[in-house]
Amino acid sequence: MMLGYQLPISKIGRCGLALLLPVAIAFPTQVQTATAQSSGGNRPLTIRSDVQEYNANTQVITARGNVQMLYPSRQIQATAAQAQYFSKERRIDFSGNVYILQQNNNSIRAEKVTYLIDEGRFIALPQSNRQVESIYMVEDSQVSENPAKPAPKTPPLKRSN
């Protein structure tokens, strides 16, 4: 059972329901945008998508279709098929071809990712029979100190199919 608002973009402008939502929402012609702000410093978190729903009882925003999230204060950008922002729990659940780009060009690719805002922690899950991929930029001080010494060999990757 779905409790909340679900309006096509073309009807939202006519209804003026955006004024009833407790978050600032802008409605460009093709994509909806929701901006949520935390009480501890008013740092915007912007979510753009084809369709968005807000449930006033649970205070959950659900964004579907070409979801793009921008969280500048945490230096995080994300794309997914769907995202849900749980304002009470301070959590964002992404699903469907999730790609998250973090500061210093670190990234995560997965089917589902949960971002725990207060902990600054990501929990990523793959599609069935797949793996999560993370890329982390690691500063390797040993390479610059002794470039003549080769890196140790790593064992071959064993896949569990």
Side-chain angles (χ1 to χ4, degrees), residues 4 9 21-28 30-55 58-161:
I9 295 170
L21 299 179
V23 292
I25 297 184
F27 299 103
Q30 293 183 0
V31 179
Q32 296 182 15
T33 302
T35 302
Q37 297 181 353
S38 66
S39 59
N42 293 330
R43 303 188 194 287
L45 178 147
T46 303
I47 299 174
R48 291 184 174 92
S49 65
D50 294 336
V51 175
Q52 291 188 14
E53 301 173 26
Y54 176 74
N55 184 318
T58 61
Q59 297 181 10
V60 174
I61 295 172
T62 302
R64 284 191 202 86
N66 301 310
V67 175
Q68 300 172 13
M69 184 200 76
L70 181 60
Y71 198 179
S73 66
R74 300 282 177 102
Q75 298 179 347
I76 298 171
Q77 299 176 45
T79 59
Q82 177 174 306
Q84 287 189 295
Y85 172 57
F86 297 83
S87 59
K88 288 181 183 177
E89 294 90 355
R90 298 187 40 83
R91 177 183 96 222
I92 304 169
D93 289 346
F94 298 96
S95 61
N97 196 25
V98 180
Y99 177 70
I100 296 175
L101 182 62
Q102 301 169 284
Q103 63 189 2
N104 303 323
N105 293 322
N106 296 336
S107 65
I108 299 172
R109 285 190 187 275
E111 182 60 19
K112 294 182 179 183
V113 176
T114 296
Y115 177 54
L116 304 171
I117 296 170
D118 292 334
E119 296 178 34
R121 186 165 62 114
F122 293 93
I123 301 166
L125 300 171
Q127 277 185 337
S128 182
N129 297 323
R130 296 266 179 110
Q131 292 182 314
V132 171
E133 177 185 87
S134 295
I135 299 173
Y136 297 98
M137 297 299 159
V138 178
E139 184 178 322
D140 195 349
S141 60
Q142 292 178 349
V143 171
S144 61
E145 292 173 6
N146 191 0
K149 183 178 178 183
K153 290 189 176 186
T154 57
L157 178 65
K158 294 181 182 178
R159 292 214 172 250
S160 58
N161 289 354

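All figures in this text were calculated on a predicted structure; none of them were measured in a lab. The analysis underlying the following values was restricted to heavy atoms, covering all of them including side chains, and did not include hydrogens, waters or symmetry mates. Nothing fancy with the numbering, it's 1 onward along the sequence.
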(request) Give the intermediate values and the outcome of salt bridge (charged side-chain N to carboxylate O under 4.0 Å, His left out) for residues Glu119 and Arg121. (result) CA-CA 5 Å; Glu119 296 178 34; Arg121 186 165 62 114; 2.9 Å; yes

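For the pair Val132/Ile108, a side-chain contact is recorded, criterion being any heavy-atom separation below 4.5 Å from C-beta on.
Gln84 is linked by a side chain to side chain contact (heavy atoms under 4.5 Å, CB included) to Val60, Thr62, Gln82, Phe86, counting only residues two or more places apart in sequence or in another chain.
Rounding to the nearest 0.5 Å gives a distance of 11.5 Å between CD of Gln102 and CD1 of Ile135. One finds the CG atom of Asn66 at 4.5 Å from the CG atom of Asp50 (value rounded to the nearest 0.5 Å). Residue Lys112 holds its NZ atom at 13.0 Å from CD1 of Ile123, rounded to the nearest 0.5 Å. In this structure, Tyr85 OH and Tyr54 OH are separated by 10.0 Å, a value rounded to the nearest 0.5 Å. Between the CD atom of Glu133 and the CZ atom of Arg109 there is a distance of 6.5 Å, given to the nearest 0.5 Å. Annotation: the span from Phe122 atom CZ to Leu116 atom CG amounts to 9.5 Å, rounded to 0.5 Å.
Of all heavy-atom pairs between Ala63 and Ser49, the closest is CB-OG, 3.4 Å. Considering every non-hydrogen atom in both Ala124 and Val113, the closest pair reads CB-CG2, 4.0 Å. Closest heavy-atom contact between Pro44 and Pro72: O-CD, 3.6 Å. Closest heavy-atom contact between Tyr71 and Arg43: CE2-O, 4.4 Å.
Not one N or O on the side chain of Glu111 forms a donor-acceptor pair closer than 3.5 Å with the backbone of Arg130. Side chain of Arg74 to main chain of Ile117: a donor-acceptor pair is present (N/O by atom type, distance under 3.5 Å, no hydrogens or angles). For Asn106 (side chain) and Met137 (main-chain N/O), a donor-acceptor pair under 3.5 Å exists by modelled atom type.
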